[in-house]
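Structure first, commentary second.
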Amino acid sequence: MTSSQLTEIFVEAGTVVSVEVMYDRVTDRSRGFAFVTMGSVDDAKEAIRMFDGSQVGGRIVRVNFPEVPKGGERLVMGPKIRNNNRDFVDSSHKIYAGNLGWRVSSQDLKDVFAEQPGLVSAKVIYERDSGRSRGFGFVTFETAQDVEAALKTMNGVEVQGRELRLNLAAVKAPSSPSVTEENEGSSVDTSELVSSAST
DNA sequence: CTTGAGCGA
C-alpha cells in the first residue's frame, strides 16, 4: 500500500494534506500503518467514520486519531476522547447500557434514546489511559417512570450491529460537587490520523 | 495488550 494509493482513498473524506507510510529503517518494508494529515478536524472525523473497519486492499483497516506518546502534543487527540461527559447530567434515574460497539460514542448513545421521553443525557465509559471505549455507558432520565419505559422499549434494540443490554444502573450518588474541568479550546486546523493497512 | 462480561474521575 503506497502513499498515493492511500491518498486516493482518503480524498473521499475531504482534503488530504499529507500521507506518510511508515517504513522499517533497515528492512525497508512497510510497517503496516501510515499517518494521514487531513485539512481539518472534521475531515479527519469523516475519514474515520468512512474508513475505520472498512476493507482496503483486502484487509480490514483501522483508522483513528493517533495515540500520543507521553504528555506532549495531545491536542490532536482532543476529538477522540473528552467532550463525552462534558454535557453529561447525572441522575439517580439511570440505565446501564452494555454490549455497545467499540465505536459507539456518547452522542451516538444519546441519539439512540432521543425519542424516549424524559431523556436527560448519555455517557459512554472510556478507558482512562487508552481512551478506548469500554463497551458500556449510562443513560439518565428525569423520572423513574421514564427509565422503566425506555428500558422496556429500547432493550435489545440493535445499535451498530449489536443488541443493547439495558439494565437499571447501580445508584452512584451524585457526590462530586460539579467542578468539571473546562479543558477545551484546542483548536487545530489540521488533524492527523493513523491508518493500519498492509503491503 | 484491538477485546465482549461488566457498573463511570
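Every chain is numbered from 1, with letters handed out A, B, ... down the list of sequences.
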Rounded to whole angstrom units, what separation is found between the CZ atom of A:R128 and the C1' atom of B:dG8? 10 Å
Let me check something: any side-chain donor-acceptor pairs from residues 11-24 of chain A under 3.5 Å, sequence neighbours excluded? List them with distances.
residue: A:S18; atom: OG; partner: A:T37; partner atom: OG1; Å: 3.4
residue: A:D24; atom: OD1; partner: A:V26; partner atom: N; Å: 2.8
residue: A:D24; atom: OD1; partner: A:T27; partner atom: N; Å: 3.1

I want to verify a distance call: between B:dA5, B:dG8, B:dT3, whose nearest atom is closest to the A:I125 side chain? B:dG8
Distance in angstrom units between A:K94 NZ and B:dG6 P, rounded: 19 Å
Counting heavy atoms not belonging to A:E158, are there more than 12 under 6.0 Å from its CD? yes
Pairs in or reaching into residues 134-144 of chain A: which pass side chain to side chain donor-acceptor pair (under 3.5 Å), with residues at least two apart or in two chains? A:S121-A:T140, A:T143-A:Q145, A:T143-A:D146
Are A:F136 and B:dC7 stacked, counting the six-membered base ring, centres under 5.5 Å, planes under 30°? no
A:N99 has an atom CG; how far is it from atom C1' of B:dA5, in whole Å? 9 Å
Tell me if a side-chain donor or acceptor on A:R103 pairs with a main-chain N or O of A:G53 at a distance below 3.5 Å. no
Quickly work out the A:E127 CD to B:dC7 C1' distance and round it to whole Å. 13 Å
Atom CZ of A:R162 and atom C1' of B:dA5 are separated, to the nearest Å, by 11 Å
Proximal nucleotide (of B:dG8, B:dG4, B:dT2) relative to the A:R62 side chain: B:dT2
When you measure from the side chain of A:D90, which nucleotide among B:dC7, B:dG8, B:dT2 comes out closest? B:dG8
To the nearest angstrom, how far is A:N167 atom CG from B:dA5 atom C1'? 13 Å
I'd like to know if the side chain of A:Q116 and the backbone of A:F113 have a donor-acceptor N/O pair within less than 3.5 Å. no
Answer with base, sugar-phosphate or nothing: what part of the nucleic acid does A:L168 contact at a heavy-atom distance below 4.0 Å? base
Whole angstrom is fine here: how far is it from CG in A:L109 over to C1' in B:dG8? 13 Å
Side chain of A:A170, heavy atoms from C-beta onward: which of B:dC7, B:dC1, B:dA5 has the nearest atom to it? B:dC7
So what does A:G135 hit on the nucleic acid, given a heavy-atom distance under 4.0 Å: a base, only sugar-phosphate, or nothing? base
In this structure, how many angstroms lie between the P atom of B:dG6 and the CZ atom of A:R134, rounded? 13 Å
Of A:L100 and A:F138, the one whose nearest nucleotide on DNA chain B sits closer to the 5' end is A:L100
